[in-house]
Student: 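Here it is, the structure in full.
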Amino acid sequence: MECIFCRIVKGQAPARIVYEDETVMAFEDLHPQAPVHLLVIPRRHLPSLSEATAEDEPLLGRLLAVAARLAQERQLAGRGYRTVINNGAGAGQSVFHLHVHLLGGRLFHWPPG
Ligand code: DGP
């Protein structure tokens, strides 16, 4: 079974897409953990942060820049928002296609669970 996020990128699985360009895409998380919960992903399949190489550094910056822009557009910055990358099953990663969670619209606690 192909990666679910690759299927979303190809338009083969449904998603509420909020942003896309030639390298990244953002859509609403299926199981939101906050009033705003978006996932920002590379179009290209990259399983996790730990598998990113030096060549991926511009892409990693792009993922965060898009997350920040989406947060700005949704006026999340004033109250604060959180970006999360779960890396590996032990850290809670369940979809092995790199993604940045953008969460906002509520208060967040530290340390995370
Ligand atoms: P993580 O646990 O960090 O790998 O986060 C994966 C997220 O992906 C999780 O919050 C739920 C979300 N998710 C899983 N499958 C789908 C899907 O088919 N569509 C969308 N929009 N989100 C999904």
Side-chain angles (χ1 to χ4, degrees):
M1 184 74 174
E2 195 186 5
C3 163
I4 182 61
F5 288 179
C6 284
R7 294 185 65 222
I8 288 172
V9 167
K10 292 175 185 168
Q12 295 169 349
R16 296 171 73 138
I17 295 166
V18 298
Y19 177 82
E20 57 185 322
D21 63 27
E22 63 280 0
T23 52
V24 311
M25 181 180 266
F27 50 86
E28 294 181 5
D29 193 292
L30 197 58
H31 305 298
Q33 302 300 314
V36 176
H37 188 171
L38 304 177
L39 302 172
V40 188
I41 72 166
R43 285 184 177 276
R44 179 170 63 82
H45 185 79
L46 178 59
S48 67
L49 183 62
S50 60
E51 286 165 83
T53 67
E55 283 182 6
D56 295 316
E57 287 179 12
L59 173 64
L60 298 178
R62 182 86 190 130
L63 293 171
L64 285 179
V66 168
R69 192 204 298 173
L70 291 169
Q72 191 76 27
E73 284 174 9
R74 284 160 180 72
Q75 276 123 31
L76 299 178
R79 276 184 77 192
Y81 62 86
R82 185 165 288 176
T83 52
V84 174
I85 299 175
N86 294 321
N87 188 84
Q93 185 175 6
S94 60
V95 177
F96 287 81
H97 181 130
L98 177 64
H99 49 282
V100 176
H101 294 260
L102 169 63
L103 299 131
R106 66 167 171 84
L107 283 176
F108 295 93
H109 302 285
W110 194 262

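Quick caveat: nothing in here was measured; it's all calculated off a predicted structure. Whatever order the structure lists them in is the order used to number ligands and atoms, beginning at 1.
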Student: Between His99 and His101, does the ring centre distance come in under 6.0 Å?
Tutor: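 Here the rings of His101 and His99 have centres that are less than 6.0 Å from each other.
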Student: Between atom CD of Gln33 and atom CZ of Arg82, what is the distance when rounded to the nearest 0.5 Å?
Tutor: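 Between atom CD of Gln33 and atom CZ of Arg82 there are 12.5 Å.
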Student: Which heavy atom in Asn87 sits nearest to a heavy atom in Ser50, and how many Å separate them?
Tutor: OD1-N, 3.0 Å
Student: Give me the nearest non-hydrogen protein atom to atom 21 (N) of ligand 1 as residue plus atom name, then the distance to 0.1 Å.
Tutor: Glu28 O, 2.9 Å
Student: Using a strict 4.0 Å threshold on nitrogen-to-oxygen distance, state whether Arg16 and Asp29 make a salt bridge.
Tutor: no
Student: Which of the atoms of ligand 1 are close to Ile4, meaning less than 4.0 Å from one of its heavy atoms?
Tutor: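 Matching atoms, with element in brackets: 18 (O).
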Student: Using a 4.0 Å cut-off to any heavy atom of Gly92, which atoms of ligand 1 qualify?
Tutor: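 The list of qualifying atoms is 1 (P), 2 (O), 3 (O).
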Student: Report whether Tyr81 and Leu63 are members of the same hydrophobic cluster (ILVMFWY, side-chain heavy atoms less than 4.5 Å apart, transitive linking).
Tutor: yes
Student: Determine whether any heavy atom of Phe5 lies closer than 4.0 Å to an atom of ligand 1.
Tutor: yes
Student: Starting from atom 4 (O) of ligand 1, what is the nearest protein heavy atom, named by residue and atom, and what distance separates them?
Tutor: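 Here the closest protein heavy atom is Ser94 N, 2.7 Å.
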Student: Is Leu103 isolated, or which residues cluster with it under the ILVMFWY side-chain rule of less than 4.5 Å, directly or via members?
Tutor: Val84, Phe108
Student: Out of Ile17, Asp29, Leu30, indicate the one that has the non-hydrogen atom closest to atom 11 (C) of ligand 1.
Tutor: Asp29
Student: Contact between ligand 1 and Gln33 is defined here as a heavy atom of the residue under 4.0 Å from a ligand atom; is it met?
Tutor: no
Student: Linking I/L/V/M/F/W/Y whenever their side-chain heavy atoms sit closer than 4.5 Å, directly or via other members, would Met25 and Leu59 fall into one cluster?
Tutor: no
Student: Quick one, Glu20 with Arg43, criterion salt bridge (Lys or Arg N to Asp or Glu O under 4.0 Å). Give me CA distance, side-chain angles, the key distance, then yes/no.
Tutor: CA-CA 9 Å; Glu20 57 185 322; Arg43 285 184 177 276; 2.8 Å; yes
Student: Are any of the N or O atoms of Asn86 closer than 3.5 Å to those of ligand 1?
Tutor: yes
Student: For Phe27, which part has a heavy atom under 4.0 Å from ligand 1: side chain, backbone, both, or neither?
Tutor: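 It is the side chain that gets close, since no backbone atom is under 4.0 Å.
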Student: Mind running ring pair (Phe, Tyr, Trp, His ring centres under 6.0 Å) on Phe27 and Tyr19 for me, showing each step along the way?
Tutor: CA-CA 7 Å; Phe27 50 86; Tyr19 177 82; over 10 Å; no
Student: May I ask which of Ile8, Leu38, Val95 has a heavy atom nearer to atom 19 (N) of ligand 1 than the others do?
Tutor: Ile8
Student: What is the nearest protein non-hydrogen atom to atom 1 (P) of ligand 1, stated with its residue, atom name and distance?
Tutor: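 Ranked first by proximity to atom 1 (P) of ligand 1 is His99 NE2, 3.1 Å.
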Student: Could you see which bit of Val84 sits under 4.0 Å from ligand 1, with heavy atoms only: side chain, backbone, both or neither?
Tutor: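 Contact part for Val84 vs ligand 1: neither.
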Student: Does any N or O of ligand 1 fall below 3.5 Å from an N or O anywhere on Gln93, backbone included?
Tutor: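 Between Gln93 and ligand 1, no N or O pair is found under 3.5 Å apart.
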